[in-house]
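The figures that follow rest on heavy atoms only: side chains count, while hydrogens, waters and symmetry mates do not. Remember, predicted model here, so these are calculated numbers, not experimental data.
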Amino acid sequence: MGASIDIILMMAFLIFAYFLSQGKGAFLLSGYNTMPEEKKAKIDELELCKFMSKIMYGLSFCIGLFALSELLDQQILFVVGLTLFVLLVVFAVVYSNTGNRFKK
């Protein structure tokens, strides 16, 4: 039961990652979608989308490890996936909020 939910979630993340890799879907990114228009004009939306698509692909991989751990009954795969998931989220938050990486 749990593996099927993980696979559905992984597919949703992959779909979102695909749209972000095409430069679309920035309006779904929290923080960006709440910015005033004058601040949005200063952001390179395409670069932001491409960066977030890479993060989403990584998170999809982690969720895939969750499903695989249930299918193979190997708890270590879940631990590895969860560790990678947390590290990716922390990296994404720090990387995207430090410096002026996505400024035009």
Item to check | Candidate list Tyr18, Phe19, Phe13, test side chain to side chain contact (heavy atoms under 4.5 Å, CB included), partner Ile15, passing option | outcome: Phe19
Item to check | Between NZ on residue Lys103 and NZ on residue Lys42, distance to nearest 0.5 Å | outcome: 6.5 Å
Checklist entry - So which heavy atom on Gly23 is nearest to which on Leu46, and how close? => result CA-CD1, 3.6 Å
Checklist outcome for this item: For Gly58 and Leu88 the tightest heavy-atom approach is C-CD1, 3.5 Å
Next on the checklist: Quick check: do Phe91 and Ile55 have side-chain heavy atoms less than 4.5 Å from each other?
Outcome noted: yes
Item to check | Pairwise distance CG(Leu29) to CE(Met35) - rounded to 0.5 angstrom | outcome: 10.0 Å
Item to check | Within 6.0 Å of CG in Asp73, more than 12 heavy atoms from elsewhere | outcome: no
Checklist entry - Which is it for Leu48 and Ile43 under the side chain to side chain contact (heavy atoms under 4.5 Å, CB included) test, yes or no, and what are the steps along the way? => result CA-CA 8 Å; Leu48 177 62; Ile43 301 290; 4.2 Å; yes
Checklist entry - Are Leu9 and Leu28 linked, directly or through other ILVMFWY residues, by side chains that come within less than 4.5 angstrom of each other? => result yes
Next on the checklist: Quick one, Pro36 and Lys40 - any side-chain contact, counting heavy atoms below 4.5 Å?
Outcome noted: no
Next on the checklist: Determine whether Asp6 and Glu70 satisfy the following criterion, side chain to side chain contact (heavy atoms under 4.5 Å, CB included), listing intermediate values before the conclusion.
Outcome noted: CA-CA 9 Å; Asp6 290 339; Glu70 293 216 17; 4.1 Å; yes
Next on the checklist: Can you classify the ring geometry of Tyr95 versus Phe102 as parallel (below 30°), tilted (30 to 60°) or perpendicular (above 60°)?
Outcome noted: perpendicular
Checklist entry - How long is the span from the CZ atom in Phe66 to the CG atom in Leu82, to the nearest 0.5 Å? => result 5.0 Å
Item to check | Residue pair Leu65 / Gly81: nearest heavy atoms and the distance that separates them | outcome: CD1-CA, 3.7 Å
Checklist entry - Looking at side-chain heavy atoms only, is the closest gap between Met52 and Tyr32 below 4.5 Å? => result no
Item to check | Distance-minimising heavy-atom pair for Ala17 and Met56 | outcome: CB-CB, 3.5 Å
Next on the checklist: Are the side chains of Tyr57 and Ser21 in contact, using a 4.5 Å heavy-atom criterion?
Outcome noted: yes
Checklist entry - If you count the non-hydrogen atoms of other residues, nucleotides and ligands that lie under 6.0 Å from CZ in Phe51, is the total more than 12? => result yes
Next on the checklist: On a heavy-atom basis, which atom in Leu20 and which in Ala26 lie closest, and how many Å separate them?
Outcome noted: CD2-N, 4.4 Å
Checklist entry - Hey, what do you get for CZ (Phe85) to CD1 (Ile63), rounding to the nearest 0.5 Å? => result 5.0 Å
Checklist entry - Measuring from Leu59:CG to Leu14:CG, what's the distance to the nearest 0.5 Å? => result 10.5 Å
Checklist entry - Are Phe61 and Leu71 linked, directly or through other ILVMFWY residues, by side chains that come within less than 4.5 angstrom of each other? => result no
Checklist outcome for this item: Separation between CZ (Phe78) and OG1 (Thr83), nearest 0.5 Å, reads 9.0 Å
